[in-house]
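Encoded as structure tokens, the structure appears first; notes follow it.
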Amino acid sequence: MKFMIIFWAVYILFFCIPFPIFIYMTTSELSIEPRNTLAVSYVYLGFSLVVWLYVIIFFINALFVKTFKEKNVISRILQNGIPRDAEIVDYHLLKYDAKANINLIRIVLSFPNLGNVPIRHEMLFHDTKPQEKRFVAGNKVKVLLNPDLSSKPYFILEGQKTKFNTSNMILRGVFVILLIAYVIGLYGYFYLRESFDFGWRFLTFMHPIIFSGLMFILFVLVYQLIFGRLFRKKKEEQILFAGRSADAQIISVTQTGLTVNDQPQIMFQVSFKDFKGNEHIAVYKKIVSLLNLASIPKQGTVRIMYDANDPKKITIPEI
């Protein structure tokens with residue numbers, strides 16, 4: 001996993017930093033004449049500053065602000081969380097660190113949600129006391145539910161402790177500092193090299209000062225597109241942790257034609273009655289593994305969870 005993260009980080013940085021500069025240096029001749037009018041050059045300069053400001057703010061938010069916010073959310077849950085008794089129904093040991101005597105484990109917990117509807121949810125964390133065997137299947141643990149579903153996590157283990165990974169935070173800080181230094185150096189180097197007392201009139205759209213920033217923006221948009229799908233999953237988890245359950249009648253099950261990594265997206269159309277007795281027809285889409293495709297129910301009933309405030313929004317936890 002770490003190797004893949006490092007590989008994609010280096011891959012992205014290559015196309016964002018040396019690649020635009022290399023293309024520009026090999027395809028553009030050094031000109032001692034201004035390439036644009038003064039007004040156009042300031043438009044390009046202002047545009048580049050906006051691009052780089054967005055990139056820097058994005059990374060500061062992603063690497064620091066979100067981390068501090070999540071830690072604050074956990075602190076609030078420890079103080080104001082809603083307690084629930086949970087049963088461990090599944091346990092998997094993912095990795096054992098013999099030096100630190102720590103297990104990386106994945107467990108599946110069964111407990112009532114905020115509406116006292118029984119649900120199951122997976123949890124991945126480090127067990128710092130594996131010798132106590134606290135998390136084997138069949139054991140009982142206490143969990144605290146987050147009463148505010150606008151922010152994650154939606155639940156934690158009672159007594160859970162959080163702390164920052166010092167080395168990880170240092171690496172994040174070094175990255176942001178190097179990024180800011182790169183931006184300052186980019187402006188300074190090319191201004192000294194190409195201004196020739198004409199100011200910023202050497203700027204063009206494909207100049208590295210602009211194009212390098214746009215490449216960062218491109219990868220930021222790809223990142224947001226990927227996490228846009230996770231945002232949809234977040235909506236499903238919110239329904240799971242606060243919604244109501246119902247037995248729904250399957251109307252149809254079809255493939256949408258969309259595939260992700262060769263895995264098809266399945267669309268379920270179901271009808272059900274909410275807790276008030278009102279009948280609804282809702283649609284639910286999910287990417288399904290080819291290995292599980294044969295086990296997808298095509299008719300009959302299926303257990304769903306729905307948003308009590310908007311019953312059209314549903315999720316099917318068992319699929």
Side-chain angles (χ1 to χ4, degrees), residues 1-13 15-17 49-82 94-95 102 104-107 109 113-114 121-126 128 143-183 212-242 315:
M1 185 66 178
K2 287 184 178 179
F3 172 78
M4 291 303 298
I5 293 174
I6 293 173
F7 170 80
W8 284 110
V10 172
Y11 179 83
I12 292 170
L13 289 176
F15 280 97
C16 292
I17 297 178
L49 291 173
V50 170
V51 167
W52 282 116
L53 185 63
Y54 175 84
V55 170
I56 292 171
I57 290 175
F58 169 82
F59 279 109
I60 291 176
N61 182 63
L63 297 177
F64 293 102
V65 177
K66 287 184 178 179
T67 302
F68 284 103
K69 282 184 177 179
E70 186 169 331
K71 189 176 186 300
N72 289 335
V73 170
I74 292 175
S75 297
R76 288 199 302 269
I77 298 174
L78 287 172
Q79 294 176 356
N80 307 312
I82 299 173
L94 302 179
K95 184 180 179 181
I102 293 176
L104 176 61
I105 64 174
R106 181 176 66 238
I107 61 176
L109 297 168
N113 71 358
L114 291 172
H121 203 271
E122 186 178 89
M123 189 176 191
L124 180 73
F125 65 100
H126 288 92
T128 58
V143 298
L144 297 173
L145 302 186
N146 185 356
D148 179 13
L149 294 182
S150 63
S151 54
K152 298 183 72 172
Y154 301 127
F155 79 101
I156 62 172
L157 294 173
E158 188 178 61
Q160 180 175 325
K161 297 180 180 179
T162 60
K163 64 177 183 179
F164 292 119
N165 185 322
T166 305
S167 60
N168 184 274
M169 296 301 289
I170 291 174
L171 287 175
R172 295 183 185 195
V174 169
F175 172 80
V176 172
I177 292 172
L178 290 177
L179 177 63
I180 294 174
Y182 165 72
V183 175
S212 181
L214 291 177
M215 290 300 294
F216 270 103
I217 292 285
L218 175 62
F219 284 105
V220 166
L221 293 176
V222 171
Y223 171 89
Q224 292 177 332
L225 177 64
I226 293 172
F227 278 83
R229 293 176 181 169
L230 296 183
F231 178 76
R232 290 191 288 271
K233 185 178 179 181
K234 177 182 176 181
K235 290 291 186 183
E236 293 180 16
E237 288 185 334
Q238 289 175 340
I239 295 173
L240 184 69
F241 278 91
T315 181

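A distance of 5.0 Å separates CD1 of Ile180 from CD1 of Ile56, quoted to the nearest 0.5 Å. Atom CG of Asn165 and atom CD1 of Ile170 lie 9.0 Å apart (nearest 0.5 Å). From Glu236, atom CD reaches atom OG1 of Thr315 across 4.0 Å, with rounding to the nearest 0.5 Å. Note that CG of Leu178 and CD1 of Ile17 are 9.0 Å apart. Values are rounded to the nearest 0.5 Å. With rounding to the nearest 0.5 Å, the separation of CZ in Phe125 from CD1 in Ile102 is 12.0 Å. With rounding to the nearest 0.5 Å, the separation of CH2 in Trp52 from CD1 in Ile57 is 13.5 Å.
In this structure a side-chain-to-backbone donor-acceptor pair under 3.5 Å is present from Gln238 to Leu149. A donor-acceptor pair is defined here as one N or O able to donate and one able to accept, closer than 3.5 Å; such a pair exists between the side chain of Asn113 and the backbone of Leu240.
With contacts defined as side-chain heavy-atom distances shorter than 4.5 Å, the pair Phe59/Arg172 does not qualify. Phe216 has its side chain within reach of Leu13: a pair of non-hydrogen atoms, C-beta onward, lies under 4.5 Å apart.
Listed here is the closest heavy atom pair of Val73 and Pro153: CG1-CD, 3.9 Å. Nearest heavy atoms, Leu157 versus Met123: CG-CE, 3.7 Å. Residues Leu124 and Ile105 approach most closely at CD1-O, 3.3 Å, considering heavy atoms. Shortest non-hydrogen contact noted between Ile77 and Asn146 is CD1-CB, 3.6 Å. Residue Glu70 comes nearest to Lys152 through the heavy atom pair CG-O, 4.2 Å, listed as atom of the first residue, atom of the second, then distance. Taking each heavy atom of Gly81 and Leu144 in turn, the nearest pair found is O-CD2, 4.1 Å.
Residues in residues 143-162 take part in these ring-ring contact (aromatic ring centres under 6.0 Å, His included) pairs, two or more places apart or across chains: Phe111-Phe155, His121-Phe155, Tyr154-Phe241, Phe155-Phe241.
Below 30°, between 30° and 60°, or above 60°: for Phe219 and Phe15 the angle between ring planes is between 30° and 60°, a tilted geometry.
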query = Please walk me through it: do Arg76 and Asn72 pass side chain to side chain donor-acceptor pair (under 3.5 Å)?
reply = CA-CA 6 Å; Arg76 288 199 302 269; Asn72 289 335; over 6 Å; no
